[in-house]
2 protein chains.
Amino acid sequence: MRVLGIDPGLNITGFGVIESDAFKNFQMIRFGVIRTDPKWSLPERLYRIHHGVEEVILSEHPDVLAIEDIFYAENVKTAIVMGHARGAVIVAGMRNNIPVFEYSPREVKMSVVGNGAAAKTQVQFMVRSLLRLREPVQPLDASDALAVAICHSNRHPGK
Amino acid sequence: MRVLGIDPGLNITGFGVIESDAFKNFQMIRFGVIRTDPKWSLPERLYRIHHGVEEVILSEHPDVLAIEDIFYAENVKTAIVMGHARGAVIVAGMRNNIPVFEYSPREVKMSVVGNGAAAKTQVQFMVRSLLRLREPVQPLDASDALAVAICHSNRHPGK
């Protein structure tokens, strides 16, 4: 199974593609970030995110898209912006007939580190370890996206 | 100029298409709502909204998409959901090379009724009057969408 994990954000959206087998062996396929310029209009920034995710889908052919869920934010304005970015990502999956699964940050940390309150650097350490990489994945947004993909694979081994 | 106005919402997204000339004469082309079922998953609901808006774009060929902006919500959870629906709509416009303009509810009311704090029923009354319709537009979501389209046309007459 090939999983595209997404850590959505208006400034930086992290993505990570992994391949997993029935024995929870993971292979890193690709990771990166989609950046937008705060000087762009909101529609331009959303389209950049949407288009960037679609480009990864069309080139890497994931079976599913796993995205970090959000239930809280610092304030209402931040929450609205976060919702926009997630909406643009989810539509990219749905338009390409890829089922979309949502996981809370707590679920992702629990699945990857075994601790729902783990620090981002702990997640980064475990992502590197599970994918047997020489270096920690940078930036953290890409590492978090790979963590979401690992979380989905752990929940659905071998599918 | 043909304008597609959108009043976005996860349960009901209103849409309205009008044609306007340089003298601010408006003609109603089409209006309606896109409904989603609360039993559907969030991705399914967003895709329904996105796809519904795209269907209107492809059949009515608007020159621009005007959408109600949001800056506040009852709480963070509502704000996130509202952001998702707006993101799905904005991406539908951008994918089809249609420029997207945003207007706050206050700007829309000011433009249509002349009072930024007008009640929804006042907006409905003026939408009916400006478009010379026999009946008030129902439901209010569709009337509000037409109001957003009128607001954009007032701001950009004849373009």
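A, B, ... follow the sequence lines: proteins, then strands. Residue 1 opens every chain.
Taking B:Arg95 as the reference, A:Glu54 meet the salt bridge (Lys or Arg N to Asp or Glu O under 4.0 Å) condition, with sequence neighbours excluded.
A 4.5 Å side-chain heavy-atom check between B:His50 and A:Ile90 finds every atom pair outside the cut-off. Contact annotation: the side chain of A:Val91 never approaches that of B:His51 to less than 4.5 Å [non-hydrogen atoms, C-beta and beyond]. Here the side chains of B:Met94 and A:Leu46 are not in contact, with every heavy-atom distance at 4.5 Å or above. A heavy-atom distance below 4.5 Å is found between the side chains of A:Pro43 and B:Glu102.
The same ILVMFWY cluster, assembled from side-chain heavy atoms under 4.5 Å apart, contains both B:Leu146 and B:Met126. A:Phe15 and A:Val100 fall within a single hydrophobic cluster, where Ile, Leu, Val, Met, Phe, Trp and Tyr are joined by side-chain heavy atoms under 4.5 Å apart, directly or via other members. Residues A:Leu140 and A:Val123 are members of separate hydrophobic clusters, defined by side-chain heavy-atom contacts under 4.5 angstrom among Ile, Leu, Val, Met, Phe, Trp and Tyr.
Within the structure, every pair that satisfies the salt bridge (Lys or Arg N to Asp or Glu O under 4.0 Å) test and touches residues 30-50 of chain B, not counting sequence neighbours, is listed here: B:Arg30-B:Glu55, B:Arg30-B:Glu60, B:Asp37-B:Lys39.
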From CA spacing to verdict: side chain to side chain contact (heavy atoms under 4.5 Å, CB included), B:Arg86, A:Ile80: CA-CA 9 Å; B:Arg86 282 191 94 242; A:Ile80 291 172; 5.5 Å; no
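Of the listed residues (B:Ala88, B:Ser41, B:Ala79, B:Gly87), the one with the most heavy-atom contacts under 4.5 Å to chain A is B:Ala79.
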